[in-house]
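All residue numbers refer to positions in the sequence shown, counting from 1. Reckoned from all heavy atoms, side chains included, excluding hydrogens, waters and symmetry mates. Order of listing sets the numbers, starting from 1, for every ligand and every atom in it.
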Amino acid sequence: MTTRELTLPTAELHLHIEGTLEPELILELAARNGIALPFPTLELLSAQYEFKDLQSFLNLYYANMAVLITEADFADMTRAYLGRAQAAGVRHAEIMFDPQAHLARGVELTTAVDGIVAALASSEAEFGISTGLIAAFLRDESEDSALEVLEALLSMGAPIIGIGLDSAEVGNPPSKFVRLFERARAAGLRLVAHAGEEGPPSYVVEALDLLGVERIDHGIRSVEDPALVRRLVAEQVPLTVCPLSNVRLRAVDTLAEHPLPRMIEAGMNVSVNSDDPAYFGGYLGTNFEALETEFAWGASVARTLAGNSIRSSFASDSRKSELLAELDSWSAAQG
Ligand code: ADE
Ligand code: ZN
């Protein structure tokens, strides 16, 4: 997209805050916390960012989290994301974090939550971005582990709006987490899950039918099942698609072959998101730019995608109306 279009007002609905940890900040936090890294220079670390699949990325993503020790580390990471998101036109962000990944390293839940929340607390005033925090559970861990951590988050009064399901998908179907999602629903939380990123379309069906999720993160493999596509269109289930992530993790061979154009054409409720922008070549603006370069869609498709993101968010009705009005103004300015 052109520079003008970078300020398209959007909601980012699929973002792992730990995936915004840039190599420069990893080195800075390692120095601050006295942590010896396996790849201690920018050159050595940056050379690790070639992935052959989701797992090869997850290995580096979890390893790099070792530098997150104090509340200030989590706050600095979150503030850095908000600044970049603001530049990309993000006006509302629903941000996932991986509590189990921090607990496994001996970092207390309160350290991670309080650090992230401290940055989110000033987000509207500082960056003009309204936010919501989603606790994502690792599907390659047990359901009991997830339940224990959810209970801990609830009893500490963590200001989460919902739960998600992430990490290694294949072999860890949504059906493994029925009790977790029942508990979260009973606690009044919103429900999302990664499905159909590397896993089959049946995982998308399970996430909807067994977990009762309100949004599917990724969902790109849904296009392999025509009956599922018809259902997703009929029910207008939001799918938070992450184009650059899918290319970098080889879920698709090239951006040109990405199913997003077919999904839009079919009338699916898709939005564009950056997933783990520090790892996949860019933030939301870069995702839109890459799509524009590849598909030359112009303003009307950008408007559809941004409108979908705002309507599919868990923002208040008044915030959604405000952002949709901004989108109208943006459209009018496109001529
Ligand atoms: N955790 C962080 N990014 C992820 C992704 N793209 N898929 C699954 N788990 C993740
Ligand atoms: Zn993700």
Do [X] and [Y] get their side chains close enough for a donor-acceptor pair, meaning under 3.5 Å?
X: Asn59; Y: Ser56; answer: no
X: Asp166; Y: His194; answer: no
X: Ser167; Y: Asp140; answer: yes
X: Asn273; Y: Ser271; answer: yes

Subject >> Under 4.0 Å to a heavy atom of Glu197 - the qualifying atoms of ligand 1, by number >> reply: 5 (C), 6 (N), 7 (N), 8 (C)
Subject >> Identity of the N, O or S atom of Asp275 lying closest to the Zn ion (ligand 2) >> reply: OD1
Original post:
Should Arg231 and Asp209 count as an ion pair when the cut-off is N to O under 4.0 Å?
Top reply: yes
Original post:
Salt bridge or not for Asp276 and Arg248, using N-O below 4.0 Å?
Top reply: no
Original post:
Taking both backbone and side chain into account, is any N, O or S atom of His16 nearer than 2.8 Å to the Zn ion (ligand 2)?
Top reply: yes
Original post:
Hey, is the Zn ion (ligand 2) within less than 2.8 Å of some N/O/S atom on His218?
Top reply: no
Side chain, backbone, both or neither: the part of [X] lying under 4.0 Å from ligand 1 by heavy atom:
X: Leu58; result: side chain
X: Glu18; result: neither
X: His218; result: side chain

Is [X] close to ligand 1, meaning an N/O of one under 3.5 Å from an N/O of the other?
X: Asp276; result: yes
X: Asp98; result: no
X: Asp275; result: yes

**OP:** Name the closest protein heavy atom to atom 9 (N) of ligand 1, giving the residue it belongs to and the distance to 0.1 Å.
**Re:** Ser167 N, 2.8 Å
Original post:
In the protein, what heavy atom is nearest to atom 1 (N) of ligand 1, and what distance, to one decimal place, separates them?
Top reply: His16 CE1, 3.6 Å
**OP:** Give, for atom OG of Ser245 and atom CG of Asn287, the distance between the pair rounded to the nearest 0.5 Å.
**Re:** 8.5 Å
Subject >> Side-chain touch Ser145/Phe137, heavy atoms, less than 4.5 angstrom >> reply: no
Subject >> NZ or CZ of Arg215 within 45° of Phe314 ring axis and under 6.0 Å >> reply: yes
**OP:** Work out whether the distance between some heavy atom of Gly19 and some atom of ligand 1 is less than 4.0 Å.
**Re:** no
